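Let me begin by presenting the structure, written as C-alpha cells, before commenting on it.
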Amino acid sequence: MIENKLFQELQSLREQVNFHNYRYHVLDSPVISDAEFDRLVARLRQIETEHPEWTSSDSPTMRAGGGVAEKFSKVQHPAPILSLANTFSLDDLRAWYERIVKIDERVADSEFVVEPKIDGLTVVLHYRNGLLVQGATRGDGEVGEDITANLRTVCSIPLRIPVDPTNPKAPEYLVVRGEVFIQNREFEILNQRLLENGDKTYLNPRNTAAGSLRQLDPTITASRPLMILAYNIVASNGEVPQTQWEVLRFLRRMGFPVSDQVERCVDIETVLSSLERWTDIRDRLPYETDGVVIKLNDLRLSNELGFVGKDPRGAIAFKFPAREVSTVLLDIGINVGRTGVLTPTAVLEPIELGGVVVKQATLHNFDYIAEKDIRIKDRVLIKRAGEVIPYVIGPVSDARTGKELVFTPPEACPVCGQTVEHTTGEVAWYCVNSTCPAQLVRNVEHFVSRGSMDIVGMGIRIVEQLIEAGLVRDVGDLFMLRREQLLLLEGFAEKKADNLLASIVESKKQPLARLITALGIRGVGEVLAADLAAAYGDLDTLSRTTEEELQQIEGVGPNISRAIVDWFGREKNKQLLTKLKAAGVWPTAKRKTILKEEQPLVGLTLVVTGTLPTYSRDQVKELIQKAGGKVTDSISKKTDYVVVGENAGSKLDKARELGVKILDEAGLLALIGKV
DNA sequence: GATCCTCGAGTTCG
DNA sequence: CTCGAGGATC
C-alpha cells in the first residue's frame with residue numbers, strides 16, 4: 001500500500017519535472033524557480049535510487065546515461081529525408097511558383113508557409129507509444145547514424161509525447177524531423193570555455209552543433225547548449241494533419257519546440273513581401289539562418305506535384321547571401337607595419353562574400369595561425385567582421401588532403417632581410433631595423449593619414465614614389481619638397497604638384513595633438529596624444545619630460561612612459577624635430593583647465609556606433625569632446641551612453657545587454673543642450 | 001594576482 | 001572589427 005503511494009508520487013514527479021522542463025526549455029517561460037525544480041529532481045532521484053526496478057526510459061533523470069559508445073550504428077530512415085532546391089533571388093522564386101502553377105492550377109489558390117531555415121543539423125526522431133525510441137542524423141537522406149543517446153540529452157526534445165498529458169494522444173508510431181542547433185550567444189560562451197581549457201575551439205555554431213552530436217560520450221553532448229526546432233512529420237501510422245500549418249501546430253501540441261517565426265501566407269505575393277522583412281528578422285534572430293523555406297501549405301497537393309531529381313516540387317529554399325564562405329588559402333604573406341610588427345595575411349583563392357570579391361584577409365599574428373592550426377593549401381572559412389573586414393575563422397579540417405603545409409614564421413624581415421626579434425611573453429615579432437624601408441613607408445603614411453596631419457592627396461603610392469626618388473628620408477623632408485622636384489616625378493603635372501604642396505602647407509596648421517599622434521611613438525595614439533598636448537603645450541617641453549612625470553597622466557605606465565622618453569632621446573628623432581621646427585611645423589596647445597559649467601558631459605564616457613543622420617562619426621566625437629565628454633570605442637559597464645545611428649551592429653546589442661543608456665543623435669544634442 | 005577596461009595597431013575592398 | 005598589451009582596479 002505504501003509502495004503504491006510512493007509509485008504514484010514517482011509518476012507525478014516525473015510528470016511535473018517533464019512539464020517544468022518543457023516550460024523552461026521549450027516555452028521559455030518557467031513557472032517555478034530553479035531551486036524548486038532542483039528539489040523536484042532530487043526527490044525523484046531519491047525514489048528511483050531506492051527503487052531501481054521502477055526506472056523508465058522517459059524519466060527526466062535518464063537523459064544522459066548509458067555510457068560511452070564505440071561508434072554510431074547505421075539507421076535506415078522510414079522515408080527519404082529530402083533536401084530542397086535552392087533559389088537565390090525573388091525572380092527565381094516567382095519562376096518556381098509559375099512552374100508549379102502550370103503543373104497543377106490548384107497551386108494558384110493554395111496557401112504557403114514560410115519558415116526559417118536554421119543553419120544546424122537535421123535529425124530524425126522516432127516515437128513509439130509516445131516514447132522516444134530512436135534519434136538519427138540525416139546522413140545521405142536514406143541512411144543516417146544512430147545518435148539516440150546524444151539526442152536524449154537535448155532538453156527540449158521530449159522523451160515522452162504529448163508532454164502535456166491533457167493533450168490528445170500521440171499516434172502509436174510517429175517520426176519527426178527537426179533541426180538541432182546552438183544559439184550564437186551560447187556558441188561564444190562555449191568557445192570561450194574551450195579556449196580557457198586549452199581545447200580546440202569550434203568554427204561556428206553549426207560546426208559546434210555537429211561536433212556536439214558526434215560525441216561518443218553522451219555526457220559531453222549533455223554539457224553542450226543544444227536546442228531543437230521541429231518542423232516535419234516523416235512517417236506516422238495515425239491521423240496527422242494534412243497541411244504544413246496544422247503539422248506545426250500538432251507538433252507544438254505534442255510538446256516539440258516549433259519556430260515562432262513561421263508565417264502563413266495566402267498567396268505568393270504575400271510570400272514575397274514576407275521575404276523582404278526577413279533581411280531584418282535574420283539579424284535579430286538569436287541563431288544563424290541560411291535562408292527561409294517556402295512550402296505549399298497543402299501537403300497532399302505538394303505530394304502530388306512530385307519531384308525534380310531528388311527535390312520535391314512543393315517546397316523550396318530561399319537562400320540568404322552567405323556571411324561565411326570557404327575558399328583555399330593559397331599562401332601566407334607578411335606585412336611590415338610602421339612599428340616593425342610583422343603581420344601575416346592570407347592570400348586567398350578569390351571568392352565572393354557579401355557582394356565583394358575577397359582575395360586577402362588578415363591572420364592577425366603568428367600565434368593565431370598556430371592556435372587554429374591553419375596551413376597553406378587548407379580550405380579555410382572566411383567571414384567579414386562587422387560585414388566589412390574579412391578574416392579567417394579557421395581551417396575546414398574535414399577538407400584536408402594531406403598536402404597542406406604547416407607555416408613557419410619567417411626569421412628575417414621580408415623587406416629588409418634583417419633578423420626579426422621577439423620578446424618572450426609577447427605575441428608580435430618585430431623587424432627592429434630602424435632604416436627598414438617598409439617601416440619608413442608606413443611611418444610617412446601614418447604621418448600624412450587622416451587622423452594625423454591629414455595631408456590630402458598623399459596616399460601610399462605617392463609616399464612610395466617620394467621615398468624611392470630619395471626626396472623623403474623622414475617625415476620632416478615632406479616640408480622641404482620643392483615644386484620642381486615633384487614635377488620630375490612620373491605622373492606629376494603642375495596642377496597635381498601644386499595641390500600636393502598646398503595641402504602640405506595646410507597641414508602645418510594642425511593642432512599639436514595631431515602632430516604628436518603623427519610622430520608614431522609606440523603606444524601613443526589619438527587619445528594619449530590629446531592628453532600629452534594638453535599637459536605639455538609644445539614639443540620642446542614634452543621632449544624634456546621624465547618617465548616619472550609622464551606617469552602622472554592617466555593611462556601612462558612604465559612601458560609607455562619609457563617608449564616616449566626613448567623616442568625623444570634618439571638622435572634621429574632630435575634631428576627630425578629640428579627639421580620640423582625649421583619648417584614651421586611647430587604647433588602649440590593651450591594648457592587649459594576644463595570649464596565645468598560649459599561642459600555638460602564632463603565625466604561621462606560615450607560610445608558612438610552606426611551612421612548618424614547629420615553628423616559624421618568624427619564630427620560627433622569632436623562635439624562630445626568639446627562638451628567635456630570622453631569617446632571610447634568599446635562598450636563596458638563604465639560607458640554612460642551609447643549614441644546609436646543607422647545600421648548599428650553588435651554594439652547596440654552589447655549596450656542593451658549591459659543596460660547602458662542609448663541615445664540617438666537628437667538625444668545627444670539635447671543632452672549637450674544644443675537643440 | 002587576477003580581472004576588467006581602454007587604447008593602439010593593423011586590417012579589405014571599391 | 002579583431003586582437004594584444006598596458007594600465008587601472010579590486
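Everything quoted here is computed from the prediction, not taken from an experiment. Quick note on labels: first sequence line is chain A, next is B, and so on, each numbered from 1.
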* To do: Do nucleotides 3-10 of chain C as a string where each nucleotide becomes B, S or -: B if the base has a protein heavy atom under 4.0 Å, S if just the sugar-phosphate does, - if no protein is that close.
  => SSSSSS--
* Is there a donor-acceptor pair under 3.5 Å between the side chain of A/R384 and the backbone N or O of A/E324? ->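 Judged by distance alone, no pair lies under 3.5 Å.
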* Asked: Between A/D498 and A/K495, is there a donor-acceptor pair closer than 3.5 Å when you use the side chain of the first and the backbone of the second?
  ->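 A pair under 3.5 Å: no.
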For [X] and [N], what is the distance between atoms [atom1] and [atom2] respectively, to the nearest whole Å?
X      : N      : atom1 : atom2 : answer
A/I334 : B/dT11 : CD1   : P     : 11 Å
A/K383 : B/dT12 : NZ    : P     : 18 Å
A/H446 : B/dG8  : NE2   : P     : 10 Å
A/I382 : C/dC1  : CD1   : P     : 19 Å
A/I564 : B/dC7  : CD1   : P     : 14 Å
A/L363 : C/dT2  : CG    : C1'   : 12 Å

* Geometric cation-pi criterion, A/K319 with A/F88: 6.0 Å, 45° ->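 No cation-pi geometry.
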* Please say whether the positively charged group of A/R562, taken as NZ for Lys or CZ for Arg, lies over the ring of A/F568, i.e. under 6.0 angstrom from the six-membered ring centre and within 45 degrees of the axis. =>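 No, A/R562 does not sit over the ring of A/F568.
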* Asked: Should we count CD of A/Q465 as having more than 12 external heavy atoms under 6.0 Å?
  ->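 Check passes, neighbour count above 12.
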* Are there more than 12 heavy atoms of other residues, nucleotides or ligands under 6.0 Å from atom CZ of A/R400? ->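 Correct, the count exceeds 12.
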Between [X] and [N], does any side-chain N or O lie under 4.0 Å from OP1 or OP2?
X      : N      : answer
A/R442 : B/dT11 : yes
A/T345 : B/dT11 : no
A/N335 : B/dG10 : no
A/T343 : B/dT11 : yes

* To do: Could you list the residues that satisfy ring pair (Phe, Tyr, Trp, His ring centres under 6.0 Å) with A/Y368, not counting sequence neighbours?
  =>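 By the ring pair (Phe, Tyr, Trp, His ring centres under 6.0 Å) rule, A/Y368 matches A/H364.
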* Gap between atom CG of A/N443 and atom NE2 of A/H446 - 0.5 Å precision ->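 Rounded to the nearest 0.5 Å, the NE2-CG separation comes to 7.5 Å.
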* DNA chain B contacts among residues 512-533 of chain A, heavy-atom distance under 4.0 Å ->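 Per residue number, the list reads A/I521, A/R522, A/G523, A/V524, A/G525, A/E526, A/V527, A/L528.
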* Return the nearest nucleotide to the side chain of A/V341; candidates are B/dT11, B/dG10, B/dC13. =>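 Looking only at heavy atoms from C-beta outward on A/V341, the closest nucleotide is B/dG10.
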* In a check of side chain to side chain donor-acceptor pair (under 3.5 Å) between A/T545 and each of A/E548, A/E549, A/E547, which one passes? ->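 Exactly one candidate clears the test, A/E549.
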